[in-house]
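Here is the structure we will look at.
Whatever order the structure lists them in is the order used to number ligands and atoms, beginning at 1.
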Amino acid sequence: MTASTLNHTHSASTQSWLASANQPGADFPIQNLPFGVFRRAGSAEAFRGGVAIGDQIVDLGALSQTALLHGLALDGAKACAESALNAFMAQGPTAWRALRHALFDLLQSTAVPAAQQAVQGCLVPQSAAEHAVPTRIGDYTDFYTSIHHARNVGMIARPDAPLTPNFQWIPIAYHGRGSSVGVGSGKQVQKFLRPKGQSMAPGAAAPTYGPCARLDYELELAIWIGQGNAQGSTVPLSQAEDHIFGFGLLNDWSARDIQFWEMAPLGPFLGKNFCTTVSPWIVTNEAMAPYRLPFTRPAADPQPLPYLDDPRNQTSGTLSIELDVLIESKEMRDKGLAASRISHTNFKHQYWTVGQMVTQHTNGGCNLNPGDLFGSGTISGPVREEGGAIIELTQGGKVPITLASSGEQRAFLQDGDAVILRGWCEKEGFARIGFGESKGEVLPAA
Ligand code: CA
């Protein structure tokens, strides 16, 4: 069995005894079962692992104390009782599957009443919870895998050669910072100060120092690494999916003026390292099985070198995930207006697959560790309206967008703006599953 194998946990006809899990359009039906780390909001409780179902969380620490689980599933739940999911992620796909399947059995409508009652005792309402970053992130790597984003931003940064010669041959990345990754969603907004730094105005003789004037977001997928690999070993593409625990939403906040001045020749530094916001829930690789698509390249493009090519990647390497970006301004909050959607796209347009990212990362012998985080790179679709960053939507800030609910205009982000990322998967004959949201807000510079 592989991560892309369909099984009974993907059956759309299965319902849960928990009514909120069966609501049409719900993010967390029984087919999803994403993992996160939580505690009751405002309490001194220890953070521990949980699984979202409907509007509730199954407390895996509490569940591991019951007699409901056995074998690998029990071992997995005990690992999830810790304050981060690293130990569970290290157990590998057989253990992840065992716990998912045991939870599916306990939560489905045909579960015996005694089991239902025991699980009820382990539920915490999502509305009463606060989250922590789901792993102790050892390393965070940010990829750059949307050819549309690369062309859109390349036109602004390097109009003479927007697409670098390596883009179509290598899943490009740089090593980012794990320390400033935080979680934000719903009422728990990750707030950060507008960064300060050096920037160089076009034609100026010297750079200036001050608050970022071109603050942006980047719509990305969070890719959470499960089992690692030994230093000096490589992960072949045929096995790459077994090293991916799951996926979330990631906002790679970007200070464009700081970034564009500092990034040649070694890549982004202060323009990116001040804050990254992830969503609290990790949708497992197994839950994503129905929403996979073939990986294809236009015939005229360079085809992947053999180490980045594999039959399984060809048949099912691409993920179809619908994605929204919304802005909620201070004015909207003050007036009680809804957040405005500013773009919509799908992850399927990405030029490289998540498996290819894992293989590329380890190809030189670099070791990945359980709980490591990848950003997929900004996700932009083929037309401008599908841009995954505001710099694309506004053509470098030259053509401001209008926020529909308030009528405000934006060239870049203003203080008080919150950015919300949402994602979900839909396919005929299968359940709709959602990622929840990531939400962060920029505060005025210190
Ligand atoms: Ca990025």
Any donor and acceptor pair, going by atom type alone, linking the side chain of S233 with main-chain N or O of N229 inside 3.5 Å?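 Absent.
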
The Ca ion (ligand 1) - number of protein N/O/S atoms closer than 3.0 Å: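 Near the Ca ion (ligand 1), the number of protein N, O or S atoms below 3.0 Å is 4.
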
E392 and side chain to side chain donor-acceptor pair (under 3.5 Å): which partner among R384, H149, R151?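 Single side chain to side chain donor-acceptor pair (under 3.5 Å) partner of E392 among R384, H149, R151: H149.
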
Can you list the residues that meet the side-chain contact (heavy atoms from CB on, under 4.5 Å) rule with P302, with sequence neighbours excluded?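 P302: side-chain contact (heavy atoms from CB on, under 4.5 Å) contacts with Q168, W169, Y351.
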
Which residues pass the side-chain hydrogen bond (donor to acceptor under 3.5 Å, both in side chains) test with T9, not counting sequence neighbours?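 For T9, the residues satisfying side-chain hydrogen bond (donor to acceptor under 3.5 Å, both in side chains) (neighbours in sequence not counted) are N7, R100.
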
Write out all pairs satisfying ring pair (Phe, Tyr, Trp, His ring centres under 6.0 Å) with one or both partners inside residues 403-436, taking only residues at least two apart or from two chains.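 Those involving residues 403-436 are H344-W424.
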
Salt-bridge contact D27-R422 (side-chain N to carboxylate O under 4.0 Å):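 R422 and D27: not salt-bridged.
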
